[in-house]
Amino acid sequence: MSQIKAVRGTRDLLPPETELWNHIEATARRVFARYAFGEIRTPIFEDTQLFARGVGEETDIVSKEMYTWEDRARAQSEKAQMLTLRPENTAGVVRAYIEHKLGDTGLLQKLYYIGPQFRRERPQKGRYRQFFQIGAEVIGPTSAGSESPLRDAEILEMLGTLLGELGITGWMLELNSVGSAADRPRYVQALREALVDVAATLCADCQRRAVTNPLRVLDCKVPEDQGKINELPKIADFLDEDSRAHFAMVCAALDACDVPYTINPRLVRGLDYYTRTTFEFTHGGLGAQNALLGGGRYDGLSEAIGGPKAPGIGFAMGADRLVLTLQAQAAEGGANNAAILVDVYIAPLGGAQQAQSLVLARELRRAGLRVELGDGTFRLKKSFEMGNKLARKIVLFGEEEAASGIVTIKDFETGEQTKVPRGELADFLSTKHSRFPVARE
RNA sequence: GCGGCUAUAGUUCAGAGGCAGAACGCCGGUCUGUGGCACCGGAUGUCGUGGGUUCGACCCCCACUAGCCGCCCCA
């Protein structure tokens with residue numbers, strides 16, 4: 001019988017890597033809290049129509065990457081419902097915003113989420129069929145200031161701070177404005193017209209894109225094409241007065257708080273709902289999947305899925321890619337990737353000490369220490385070898401210690417050995433250990 | 001969805017038609033009150049899966065699966 005394995009594009013996350021995942025998620029939660037975001041958890045599957053109308057029928061995500069199935073009807077009279085594993089989370093958040101009438105509070109909604117998303121793409125480094133996103137959305141009625149460029153700048157400033165606290169260095173922020181819902185079609189039309197003359201001289205991919213999805217031509221990476229692509233009409237020239245002023249204000253606010261960015265007039269994104277500000281944080285060393293996170297403003301999304309006017313802006317970061325980046329940085333710094341170290345290893349020397357050693361372990365654990373317990377071997381050497389693999393310190397608990405009530409403790413790193421009365425052990429050991437030093441705070 | 005490369009021990013990898021290997025790790029011993037070191041010994045395994053060619057296949061051929069790199073797309 002053949003072995004059952006994790007399906008293509010999915011994987012198991014194991015310790016100690018999961019510790020890094022938890023650290024990333026905890027850091028994100030901490031930063032989000034400081035910016036007044038609350039957590040939202042939406043279902044992992046939704047009505048297929050949500051994504052078709054929200055993300056856009058023509059996008060690659062919807063047209064060929066979704067896990068969609070027909071849920072069976074409960075009664076003959078009922079139609080079977082088409083369901084889809086969420087390929088992204090913004091549509092779900094906006095659906096929840098509409099469904100729970102969050103706009104009626106009159107307040108700006110600042111919501112973050114952490115969870116798995118699903119897209120049926122060919123797996124690659126940093127690209128999985130089940131992948132994890134950490135994202136946030138700022139959405140609300142116009143009266144709550146949801147349309148303000150300050151929201152955009154605040155989000156971008158927060159992301160710079162978050163990446164900093166995660167210890168990710170060397171990121172680049174690329175910024176663009178794709179204009180209002182009215183600006184974009186005008187631009188696409190102009191682009192299409194301009195491409196009629198040039199397309200034939202471009203690479204094969206571009207010739208295809210010129211017809212199917214002209215915006216994608218701007219993404220071309222073929223060196224020979226770059227000159228000609230730079231000659232094409234620029235979206236910036238098609239922005240209306242409001243969009244132009246909006247974008248200028250975003251940039252001014254970023255300048256004021258020293259968030260570095262480059263304006264990339266060729267930054268286009270694959271989801272139809274984006275309007276005005278769009279952005280991407282990229283990182284070298286991620287290979288072809290170089291985007292750490294991406295996002296933008298979506299002023300018309302709520303209406304597109306049947307809700308009230310509710311401008312918003314949000315982003316999603318690829319947690320898998322944050323992990324990859326941090327692992328790569330750790331490898332550069334020559335960090336070890338050993339097993340998780342507990343604070344202390346208790347070595348009961350001999351079977352007679354076993355019961356009391358569990359009592360001692362319980363005392364220390366209740367004091368908040370991470371404790372691993374040996375198996376009662378007489379062999380001191382064995383105890384030390386095992387302890388050295390698992391813990392920072394070892395506590396010897398043999399006949400002597402049981403009789404005197406004074407245990408022997410040795411620090412593996414310094415080699416320092418001390419005798420401590422059993423009752424004072426927890427205090428003695430209570431020094432802070434952090435495997436992930438945080439840059440600030 | 002397309003193209004290329006890869007798949008052998010827990011891990012990293014050698015092995016190019018004739019007994020399945022190394023290093024690290026693991027287990028045991030020297031060693032029942034002091035680890036990291038040393039020395040001695042041991043076990044690693046359906047050679048990704050399924051077919052085929054051959055007296056004989058880890059090796060050659062075909063298919064499949066998975067991973068990596070690139071394209072595409074995106075986080």
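Fair warning: this is a prediction, and the values are worked out from it, not measured in the lab. Naming convention: chains lettered A, B, ... in sequence-line order (proteins, then strands); numbering from 1 in each chain.
Separating the C1' atom of B/C60 from that of B/G17 is a span of 8 Å, rounded to the nearest Å. Atom C1' of B/U49 sits at a distance of 16 Å from the matching atom of B/A57, rounded to the whole Å. A gap of 24 Å separates the P atoms of B/C61 and B/G67, to the nearest Å. Here the separation of B/C47 from B/G51, taken at their P atoms, is 14 Å to the nearest Å. Nucleotides B/U6 and B/A43 are separated by 29 Å at their C1' atoms, to the nearest Å. Spacing between B/G50 and B/A9 at atom P, rounded to whole Å, works out to 16 Å. Comparing the same atom, P, in B/G28 and in B/C13 gives a spacing of 29 Å after rounding to whole Å. Rounded to the nearest Å, the gap between the P atom of B/C40 and that of B/A22 is 15 Å.
In this structure, A/Gly376 reaches neither bases nor backbone, as no heavy-atom distance under 4.0 Å exists between it and the strands shown. Contact annotation for A/Arg11: no contact, since no heavy-atom pair falls under 4.0 Å across all strands.
At the phosphate of B/G48, neither OP1 nor OP2 sits under 4.0 Å from any side-chain N or O atom of A/Lys5. Residue A/Lys381 places none of its side-chain N or O atoms closer than 4.0 Å to OP1 or OP2 of B/U30.
Relative ring orientation between A/Phe132 and A/Trp21 is described as perpendicular, the plane-to-plane angle rising above 60° on a 0-90° scale split at 30° and 60°. A/Phe118 and A/Tyr67 have perpendicular rings, their planes meeting at more than 60° on a 0 to 90° scale where under 30° would count as parallel. The aromatic rings of A/Phe281 and A/Trp171 are tilted relative to each other, their planes meeting at an angle between 30° and 60°.
In this structure, of B/U34, B/U32, B/G36, it is B/G36 that holds the atom nearest to the side chain of A/Glu385. The nucleotide whose nearest atom lies closest to any side-chain atom of A/Leu380 is, among B/C27, B/U34, B/C31, B/U34.
The existence of a salt bridge linking A/Glu154 and A/Lys110 is confirmed by a sub-4.0 Å separation between a basic side-chain nitrogen and an acidic carboxylate oxygen. Using a cutoff of 4.0 Å between basic side-chain nitrogens and carboxylate oxygens, A/Glu39 and A/Arg29 are scored as salt-bridged. Look at A/Lys382 and A/Glu385 and you find a salt bridge, because one of the NZ, NE, NH1 or NH2 atoms lies within 4.0 Å of a carboxylate O, short of that distance. At a threshold of 4.0 Å, the pair A/Glu46-A/Arg95 counts as salt-bridged, since one of the basic side-chain nitrogens sits closer than that to a carboxylate oxygen. Under 4.0 Å is where a charged nitrogen must lie from a carboxylate oxygen, and between A/Arg129 and A/Glu121 no such pair does. Ionic pairing of A/Arg34 and A/Glu165 is present here: one or more N-O contacts between side-chain nitrogen and carboxylate oxygen are shorter than 4.0 angstrom. Electrostatic pairing of A/Glu363 and A/Arg365 does not count as a salt bridge here, judged by no charged N lying under 4.0 Å from a carboxylate O.
Contacts of A/Glu303 classified as side-chain hydrogen bond (donor to acceptor under 3.5 Å, both in side chains), with partners at least two apart in sequence or in another chain: none.
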Let me have the donor-acceptor pairs involving side chains of residues 294-302 of chain A, under 3.5 Å, with sequence neighbours excluded, atom names and distances please.
from	atom 1	to	atom 2	distance (Å)
A/Arg297	NE	A/Asp152	OD1	3.3
A/Arg297	NE	A/Asp152	OD2	3.1
A/Arg297	NH1	A/Ser146	O	3.1
A/Arg297	NH1	A/Asp299	OD1	2.9
A/Arg297	NH2	A/Ser146	O	3.1
A/Arg297	NH2	A/Ser148	O	3.3
A/Arg297	NH2	A/Asp152	OD1	2.6
A/Tyr298	OH	A/Glu137	OE1	2.5
A/Ser302	OG	A/Pro308	O	2.5

Problem set entry | Contact state string [nucleotides 68-75 of chain B, B base, S sugar-phosphate only, - no protein heavy atom under 4.0 Å] | SSBBBBBB
Exercise. When you check every protein heavy atom under 4.0 Å of nucleotides 7-12 of chain B, what one-letter string (B, S, -) results, 5' to 3'?
Worked result: ------
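Within a 6.0 Å sphere centred on CD of A/Glu399, heavy atoms belonging to other residues, nucleotides or ligands number 12 at most.
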Exercise. According to the Watson-Crick and G-U wobble definition with distances under 3.5 Å, which dot-bracket string, read 5' to 3', encodes RNA chain B, using [ ] for crossing pairs and | for pairs with another strand?
Worked result: (((((((..((((....[..)))).(((((.......))))).....(((((..]....))))))))))))....
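Residues A/Arg122 and A/Arg127 meet the side-chain proximity criterion, which asks for heavy atoms closer than 4.5 Å.
Between the base of B/G33 and the side chain of A/Glu401 there is a donor-acceptor pair shorter than 3.5 Å.
Residues from residues 403-416 of chain A placing a heavy atom under 4.0 Å of any atom in RNA chain B, listed by number, are A/Thr408, A/Lys410, A/Phe412, A/Gly415.
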